[in-house]
Visitor: 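So that we are looking at the same thing, I have put the structure below in structure tokens.
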Number of protein chains: 2
Amino acid sequence: MTERKLTKKSVEIFPATGSAVDDIVSRIRALISERGYGVGDSLPTERELCEAFGTSRNTVREAMRILKAYGIVEVRTKVGATLIDNRMSSAFEMFSFNLMDISRDTFADIQGFRCLLEVSSVEQIFDLIHRTDTDALREINDGFLKKCSVDEAAELDFKFHTRLISVLDNKAMLDVYSIMKPVILRIMKTGKSRHTFETATYSEHLAIVEALEGRDRVAYQYRMKTHLEAGFAYFNQKKREAEQAKE
Amino acid sequence: MTERKLTKKSVEIFPATGSAVDDIVSRIRALISERGYGVGDSLPTERELCEAFGTSRNTVREAMRILKAYGIVEVRTKVGATLIDNRMSSAFEMFSFNLMDISRDTFADIQGFRCLLEVSSVEQIFDLIHRTDTDALREINDGFLKKCSVDEAAELDFKFHTRLISVLDNKAMLDVYSIMKPVILRIMKTGKSRHTFETATYSEHLAIVEALEGRDRVAYQYRMKTHLEAGFAYFNQKKREAEQAKE
DNA sequence: GGGCCGTTTCGTTGGTCCAAAAAGGCGTAA
DNA sequence: TTACGCCTTTTTGGACCAACGAAACGGCCC
């Protein structure tokens, strides 16, 4: 193990831009790509990293916390830190941090993203969509007439949209969708009751499916856009209430 | 202070499923929902949390690191920790971690998404684009002839595409681009050298600008599509190398 | 009102103590 | 001699503490 030791040089190359912890994170990052580490490999021990980077152990530990939170390393006592790739579930975990109301920014971000994915992709969708897809969408949508709880209805709503996106055959985007699922579900539920799903959501979805079947691009875009923007009404209302309360 | 000594005990009271840090995270979580904190509100100071939870400051700090990594709190010296909701950008930040080489599939998916945004919106782009826009694009592209590092070149590449998208005047689209920036930057750098940017990327961009100036929709779509798909050559080459190495 | 100064609070460091797990040593039995 | 199990030592992460520094905020004095 002659080359086990880290060179001083790598310490100087990366200037301490931000905090010491962030610095260590990027240095570990550099270390990983430098040595060609992959999933399953072990990182040096905390104490080795301290020595290598010339920093304290607490700093290294905080950096390690970040990597752990990102789902990039798994650290067990005695064994040390091994590289994993749990980013998907970590991302899921962090989006399920649903303790507060969705911020307006997040709401706008998510809905903007969905708009891009579902409205702007109209050409691809119309190119790729098939009869079996619209049939499946119809069937999912019919579930609103049977299902009961709001949670189940939101699940159905989510399922409808993921089913639609699946025709794009773009796994990365589908992944993004499922990562954001907790937040999207929450968005779907904001300001809605069981009855809203049964009436408004159902008919909006139906109009979308019919536009798809009729191969009416303009109608599709219009229907989908208004459907996605429906939630803004609730948000604006809430904002108005907040302003009134302030006076 | 009767319960000051409870530190050991309180660990037992709370199921203490995992580590002390995870415990603190869930207790902070509970605190947030308990007190109805929302975005913008401030959490107690680190020392207050230490006392409240009967734990050490380092433990609280590590818990805070997790929340920071999740994009849920922002902590500034003196001010303390305030609740935010930056989860979207945190998520993309964590996916920019290049544990392994980006896979061909992911590349295809992301570029497919960009294709969707930049190629499919051709009609709107041609409707809205103005002389000042193409001039700006030209100027950005000329930067490739001056700039030096690969990172800077990738930044320029990113800037070129965001500038192009900005003519659509669609904030959501720009937001998505800036959120996905880490991932896109990484994609831009795969398989490219400083020289590649200076030659291939530069001339591809130039062709795009010229198509825009000449108001040639078909040429624009073709140039943009091939530009976005140029990276595939790298994967094909890598695949060939891998096959040769196997023999 | 503006500059100076103390206080608060986070940022970082070096260290201690502990528990669990791995590693290694050792003796005994097959 | 080899294999097995037991014991001790070492390694390593987990939690904690005390302390210093830096930056921001608020108050004070001129």
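Proteins get letters first, then strands, A, B, ... in listed order; numbering begins at 1 in each.
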Visitor: With a 4.0 Å cut-off on N to O distance, would you call B/Lys189 and B/Asp151 a salt bridge?
Guide: yes
Visitor: Check the side chains of B/His195 and B/Ser193 for a donor-acceptor pair under 3.5 angstrom, ignoring hydrogens and angles.
Guide: no
Visitor: Rounded to the nearest angstrom, tell me the gap between atom CG in B/Asn58 and atom C1' in D/dA19.
Guide: 12 Å
Visitor: State whether B/Lys68 and B/Glu93 are salt-bridged, where the test is any N-O pair (Lys NZ or Arg NE/NH1/NH2 against Asp/Glu carboxylate O) under 4.0 Å.
Guide: no
Visitor: Can you check whether A/Met173 reaches A/Leu168 side chain to side chain, under 4.5 Å on heavy atoms?
Guide: no
Visitor: Starting at atom NZ of A/Lys78, determine the distance to atom P of D/dG14, rounded to an integer number of angstrom.
Guide: 13 Å
Visitor: Measure the distance from CD on B/Glu62 to C1' on D/dG13 and round it to the nearest whole Å.
Guide: 10 Å
Visitor: Can you tell me the distance, in whole Å, between the CD atom of B/Glu74 and the P atom of C/dC10?
Guide: 13 Å
Visitor: Counting heavy atoms from C-beta on, name the nucleotide in D/dT12, C/dC10, C/dT13 closest to the side chain of A/Thr45.
Guide: D/dT12
Visitor: Under 4.0 Å, counting only non-hydrogen atoms across every strand here, what does A/Arg76 touch: a base, just sugar-phosphate, or nothing?
Guide: sugar-phosphate
Visitor: Counting heavy atoms from C-beta on, name the nucleotide in C/dA22, C/dC10, D/dT12 closest to the side chain of B/Glu46.
Guide: C/dC10
Visitor: Considering just the side-chain nitrogens and oxygens of B/Arg61, establish if one lies under 4.0 Å of OP1 or OP2 belonging to C/dG11.
Guide: yes
Visitor: From the set C/dG11, D/dA15, D/dT12, return the single nucleotide nearest to any side-chain atom of B/Ala20.
Guide: D/dA15
Visitor: In terms of the nearest nucleotide of DNA chain C, which residue is placed more toward the 5' end: A/Val79 or B/Lys68?
Guide: B/Lys68
Visitor: How many Å lie between CD on A/Glu48 and C1' on D/dT12, as a whole number?
Guide: 10 Å
Visitor: Does B/Thr55 have a side-chain nitrogen or oxygen under 4.0 Å from the phosphate oxygens OP1 or OP2 of D/dC16?
Guide: yes
Visitor: Output the single nucleotide from D/dA15, D/dT12, C/dT12 whose closest atom is nearest the side chain of A/Arg47.
Guide: D/dT12
Visitor: Please state how far atom CZ in B/Arg57 lies from atom P in C/dG14, giving the value in whole angstrom units.
Guide: 16 Å
Visitor: Rounding to an integer number of Å, can you tell me how far B/Asp22 CG sits from D/dG13 P?
Guide: 17 Å
Visitor: For a quick test of reading the model: is some side-chain N or O of A/Arg65 closer than 4.0 Å to OP1 or OP2 of D/dA15?
Guide: yes
Visitor: Hey, mind stepping through B/Leu156 and B/Glu152 against side-chain contact (heavy atoms from CB on, under 4.5 Å) and telling me if it holds?
Guide: CA-CA 6 Å; B/Leu156 264 184; B/Glu152 284 168 330; over 6 Å; no
Visitor: If only side-chain N and O atoms of B/Ser56 are considered, is one of them under 4.0 Å from the OP1 or OP2 phosphate oxygen of D/dC16?
Guide: yes
Visitor: Please report the distance, rounded to the nearest Å, between CG in B/Leu49 and P in C/dT9.
Guide: 12 Å
